[in-house]
Amino acid sequence: MDFIPVCEPYLNGRELEYVTDAVRTGWISSSGKYVTAFEEKFAAYCGVAHGVAVCNGTIALHLALLALGVGKGDEVILPTFTMIASAFAVCYTGAKPVFVDADPDTWNIDVTKIEEKITPRTKVIMPVHIFGKMCEMDAIRALAKKYGLMVLEDAAEAHGAEYHGRKAGACSEVSAFSFFANKNITTGEGGMVLTDDKAFFDRARYFKNVCFPLDGPRNYRHDDIGYNYRMSNVVAAIGLAQVEKADEYRAMRIRNHQLYRKFLADVPGIRFQAPPAPDCVDVCWMNTIVVDPAVYGHGKDDLIAHLKEQGIDTRLLFTGMHRQKAMRDFGCDCSGDYPVCDWLTENGFYLPSGSNLQEAQIERICEVIRKFANV
Ligand SMILES: Cc1ncc(COP(=O)(O)O)c(C=O)c1O
C-alpha cells in the first residue's frame, strides 16, 4: 500500500543548481547574491517594495513587531485559532496577545468581534490568513484607521493568496511569511518580513543583524539589543528557485483542493472552509475538513485512525490560544468563550496537501472517507 504523507515539500526547479553555486563559490553565510535576489523576487511577487529574509516565520513575526515598535505595555489583537507562533512572537516583545474567535465559515478572525477587544493599549491588529484564505482586510483596515492602529498580516500560510487584486502581505503596514517545509513556497526553514515603508524596512534590517548600524562603521558599538535572525545564502538559494515556480505551485494546491471538494461533495457531514470570496484567490495551503459526527456517522478521531490504517497521514488542527497554559501563565486573558475555535479543534483535521499530490491519490483518500461513511 502506497503511504501518502500529509505534506511533502516540492522542489522541482533550479534549487540544486543555485545551492551548488552558493557552496562552490563559498558564499554560505548571510552575505551573498541569493539572499538579496530572494528578498527582491519574493517581495515583487507579493507586490511589496521591500523584503527582509530571516530564519523562520516565527522570527519574521517577531521582527515585524519590532519594526512596528511593539513592546511592553502594548496589546496585539489576533485570532485564537492560529498556530501558536503568532502569539509567541507577541510575547517575545513583552506585549500582550489578545484573542478573538474565528468566523464559522472562513475560519479566519471574526471581524465583527475585534472592536470589543480594542483598548487604549492596543497597538496592532494581527490577522492570520488561515490555510491560505485572506482575512477581510477592508474591515480590518477600517477598524485600524478608526482607532489609529497598525496592521500586521501573519501571511505564513498564504503565499500568493489574493484579496481584491492585492496579494497576501500587501494589505498592511508590515507582513510576515514562513517558508517551513510544508508551505507552498519553502526553504525548509525560513521566513520573510515585507513592507512598503522604508522606515519599517530599515528597523527590520537593523534588529535582524544584531543592531549593527545600517550605514555606520562596523566598530562593534551597539545602541539597542538586537538579534541574529539572518537567513543564509544557501537557504535563500532554495528560496529563489521556489519563487520562480510560485505560480505553478499555487495552481497545483488550488487544483488539489478543487479535487477534494469534487470527490467529497456528496459525503454528508464533511465541511470545508468557505470557498473563495468574489475577486479573491485562496491558495489552499492545507486541505482541512471538519467532521459532523452525527451526520457523517463517525467522529474525526475514528476517521483519522481509519485513514492511518489505510496509509494516509493527517494532522490535527490548532488548539486555540485561549486553551494554552503558556498563554495563561504569560498573563493573557483566556476567559470567555471561543466556540468556533473549539469546534474546529474538536472536529477538524488536515488531509494530505503537498503540491505534488496526484489526482489518483486524492481520489483514493476520498474513497476511504466515503466508504467509511457507507456512502
Ligand atoms: C499562521 C502561522 N504563523 C506563524 C508560523 C511560524 O512559522 P515557522 O514555523 O516558519 O516559524 C506558522 C507556521 O506554520 C503559521 O502557520
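Each ligand, and each atom within it, is numbered from 1 in the order the structure gives.
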A.B. asks: Using ring centroids (six-membered ring only for Trp), state whether Y338 and F99 fall under 6.0 Å.
C.D. replies: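 F99 vs Y338: aromatic centres not under 6.0 Å.
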
A.B. asks: Compute both the distance and the angle, then confirm whether R205 meets the cation-pi test with F207: under 6.0 Å from the six-membered ring centre, within 45 degrees of the axis.
C.D. replies: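 Cation-pi check for R205 and F207: fails.
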
A.B. asks: Can you work out which protein residues put a heavy atom within less than 4.0 Å of ligand 1?
C.D. replies: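 Residues N56, G57, T58, L61, T82, M83, A85, S86, V128, D154, A156, E157, S178, K183, G190 each place a heavy atom under 4.0 Å from ligand 1, listed by chain and number.
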
A.B. asks: Within the 4.5 Å heavy-atom criterion, are I109 and V128 side-chain neighbours or not?
C.D. replies: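 In short, these two side chains do not touch, never coming nearer than 4.5 Å.
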
A.B. asks: Would you mind writing out the side-chain donor-acceptor pairs for residues 135-150 within the sub-3.5 Å range, not counting sequence neighbours?
C.D. replies:
residue	atom	partner	partner atom	Å
D138	OD2	Y163	OH	3.4
R141	NH1	C171	O	3.2
R141	NH2	E173	OE2	3.2
K146	NZ	E115	OE2	2.7
Y147	OH	E115	OE2	2.5

A.B. asks: Quick check on the 6.0 Å ring-centre criterion: do Y220 and F212 meet it?
C.D. replies: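 Close enough - the centres of the two rings lie under 6.0 Å apart.
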
A.B. asks: Looking at D337, I'd like to know if its CG atom is crowded, meaning that more than 12 non-hydrogen atoms belonging to other residues, nucleotides or ligands lie closer than 6.0 Å.
C.D. replies: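 No, because the 6.0 Å sphere around CG of D337 holds 12 heavy atoms or fewer from other groups.
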
